Amino acid sequence: MQNNDKVRLVWDCKGSNIYPVADEITHQTIEFINPCQASSYDSIFDLWIQKPDYARAEDPNGRIFRGDNLLLMEFLINNGYRGAFDLIYIDPPYLSSSAYNSTIKIKDSGSDISDHISRPVFSDHGTEGIDKYLNDIYPRLKIMKELLSERGSIFVHLDWHISHYVKILLDEIFSPDSLINEIVWCYGGGSGSKRHFHRKHDVILWYAGSKEYIFHPQYRPYTAGTLERGLTRIKGDKYQLHQEGALMQDWWTDINKILSPTAGENLKFPTQKPEALLKRIVLTASNQGSLVADFYAGSGTMAAVSQEMGRRWVICDDSPIAIQTSLERLIKQGRGTFTIEQVGIDPQPPDKRSYLKLKPPSIQRFNETSALLLLGIEDYIPHEQNRSLLKNNWGIKNLIDFWEVDLNYDGSIFKSEVQVLRDRKVYDDSISLSLKLRVSIRNAYKIAVKVYDVFGDSALQVQEFNM
Ligand SMILES: C[S@@+](CC[C@H](N)C(=O)[O-])C[C@H]1O[C@@H](n2cnc3c(N)ncnc32)[C@H](O)[C@@H]1O
């Protein structure tokens, strides 16, 4: 596939935003996570028996990066990932001029009093205009091409606002004949307009790096009419019905948006895409064991799907709420280990803004090799800037989103070995603030607890004691 030099999209400051963007890219691994969710109702959570194999966390299946994706992609290029990805899916801002918030409800289980807090996630280039948008995405698309493997593909998810401009950029970067499909994803829901047709589709532009791109055909059920008639009556004996169904077209009407607020999949993350959509893309353009990426991760849909389907993955987002939503989602999913890493300087360092106090730990010998450890949270005070968002004075059980334990803290990277999550989606007082664990016997313990709150902040406290 050759580059076509003849057609270019031009805007005033084109080329002013280029990489390398930094001489040296700061990078820090923040957490290793081995999903192991303790139920609030367990009297003893038998971590010792359930997870003897913690060493796997050193070889994670996935990596969540916090920070700007241009910095991350440059970091990946510098660290051996050039040509490493079989699939890149991105769902970037659409130039929709909207500010996106994730709104959650805080409530006590026994009362009707509640607070809704609206947590800003990202704003979609409101007043900045098309040239600023193109200037942001152009170098990113270029570096994504360098990250693609010989057999790799990129899927760029957009809508009517900007897809036509980005198509021309992709033609320039990849070449027009590298466009494999313009997929039209149709969905329903919402009310219509009296001034134009209801806008009910997105566009997904699929470009491949070479003619050898990975492609696994997908199928859809035959229509009732086709099944009744059979193909042969129309097309002759040459055509038979396939067992798998009919070959999928480039317009998809069988997957809807996540519309219902109570849908199991709904994580209250604005712009969250359905897993079924991402599964189709992952199945089509990657293999078991492929490395895949989503550099605009949002709620982590791509990571969750890749984890389920045996792909290794990298995701990135610069919003703390997006990172926390992805983290919690992957813990709940409970498959495979992954990391959280920071690229670039964190403008709002977590762990330092809120206050966490733990109860003094208690430990008792259980048998020859194991002991019972009781851990508990005594106090948590969110950052005052966040507390001022609330009308009511809520207790810590309402304000803690979830918490994690590292049973052997090394003083730098937090290794999350067990996590206490909410059972329900409402931020009520049902989360447990204490945990009884069966752990192996050691002379000395250094245990760290990390709390994530509903505002996207976190705090860490360490306890050292002897058996
Ligand atoms: C449309 S949402 C993605 C939604 C996602 N597909 C899902 O299913 O949840 C776009 C995301 O890109 C993130 N984002 C925007 N610009 C970014 C940048 N330069 N670097 C990293 N993340 C960015 C936003 O914070 C937002 O979470």
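The structure displayed is predicted, hence computed values, not measured ones. Quick note: residue numbers are just sequence positions, from 1. First listed ligand is number 1; within each ligand, the first listed atom is number 1. What you see below is based on every heavy atom in this structure, not just the backbone, and it leaves out hydrogens, waters and symmetry mates.
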**OP:** Could you tell me which residues satisfy salt bridge (Lys or Arg N to Asp or Glu O under 4.0 Å) with K167, sequence neighbours excluded, listed by chain and number?
**Re:** D171

Subject >> Salt bridge D115-K105, side-chain N to carboxylate O under 4.0 Å >> reply: no

**OP:** Please work out whether the ring planes of W206 and Y213 are parallel, tilted or perpendicular, with thresholds of 30° and 60°.
**Re:** perpendicular

Original post:
Around D12, counting heavy atoms of other residues, nucleotides and ligands shown, do more than 12 lie under 6.0 Å from its CG?
Top reply: no

Original post:
Would you say P270 contacts ligand 1, with heavy atoms under 4.0 Å as the rule?
Top reply: no

Original post:
Can you find an N or O of S319 that's nearer than 3.5 Å to an N or O of ligand 1?
Top reply: no

Original post:
Considering only the protein, which heavy-atom contact is closest to atom 8 (O) of ligand 1, and what is its distance?
Top reply: T301 OG1, 2.6 Å

Original post:
Is the closest heavy atom of R140 to ligand 1 under 4.0 Å?
Top reply: yes

Original post:
Does Q272 reach ligand 1 with a nitrogen or oxygen that is under 3.5 Å from one of the ligand's nitrogen or oxygen atoms?
Top reply: no

Subject >> Protein contact of atom 15 (C) of ligand 1 - nearest heavy atom, named by residue and atom, plus distance >> reply: Y296 CD2, 3.7 Å

Subject >> Donor-acceptor side-chain pairing of Y380 and D453 below 3.5 angstrom >> reply: yes

Original post:
For ligand 1, which atoms sit closer than 4.0 Å to a heavy atom of F269?
Top reply: 9 (O), 27 (O)

Subject >> For K273, the ligand 1 atoms whose distance to one of its heavy atoms is below 4.0 Å >> reply: 6 (N), 7 (C), 8 (O)

Original post:
Identify the closest protein heavy atom to atom 6 (N) of ligand 1: which residue and atom is it, and at what distance?
Top reply: D91 OD2, 2.7 Å

**OP:** Mind checking salt bridge (Lys or Arg N to Asp or Glu O under 4.0 Å) for K268 and listing every partner two or more places apart, or none if nothing turns up?
**Re:** none

Original post:
Taking all atoms of both residues into account, what is the closest heavy-atom pair of P92 and Y133, and its distance?
Top reply: CG-OH, 4.1 Å

Original post:
Considering only the protein, which heavy-atom contact is closest to atom 9 (O) of ligand 1, and what is its distance?
Top reply: S299 OG, 2.7 Å

Subject >> Atoms in ligand 1 flagged as close to G67, the criterion being non-hydrogen separation under 4.0 Å >> reply: 20 (N), 21 (C)

Original post:
Can you tell which of N69, D136, T271 gets a heavy atom nearest to atom 2 (S) of ligand 1?
Top reply: T271

Original post:
Among all protein non-hydrogen atoms, which one is nearest to atom 19 (N) of ligand 1, and what is the separation to 0.1 Å?
Top reply: D68 OD2, 3.1 Å

**OP:** On the 0 to 90° scale, with breaks at 30° and 60°, tag the F85-Y81 ring pair as parallel, tilted or perpendicular.
**Re:** parallel

**OP:** Might you confirm whether atom OH of Y165 has over 12 heavy atoms from other residues, nucleotides or ligands at distances under 6.0 Å?
**Re:** no

**OP:** Would you mind checking which non-hydrogen protein atom is closest to atom 25 (O) of ligand 1, with the distance to 0.1 Å?
**Re:** D317 OD1, 2.7 Å

Subject >> Residue, atom name and distance, where the atom is the protein heavy atom closest to atom 22 (N) of ligand 1 >> reply: D318 N, 3.2 Å

**OP:** Establish, from distance only, whether the side-chain atoms of N69 and R140 form a donor-acceptor pair under 3.5 Å.
**Re:** yes

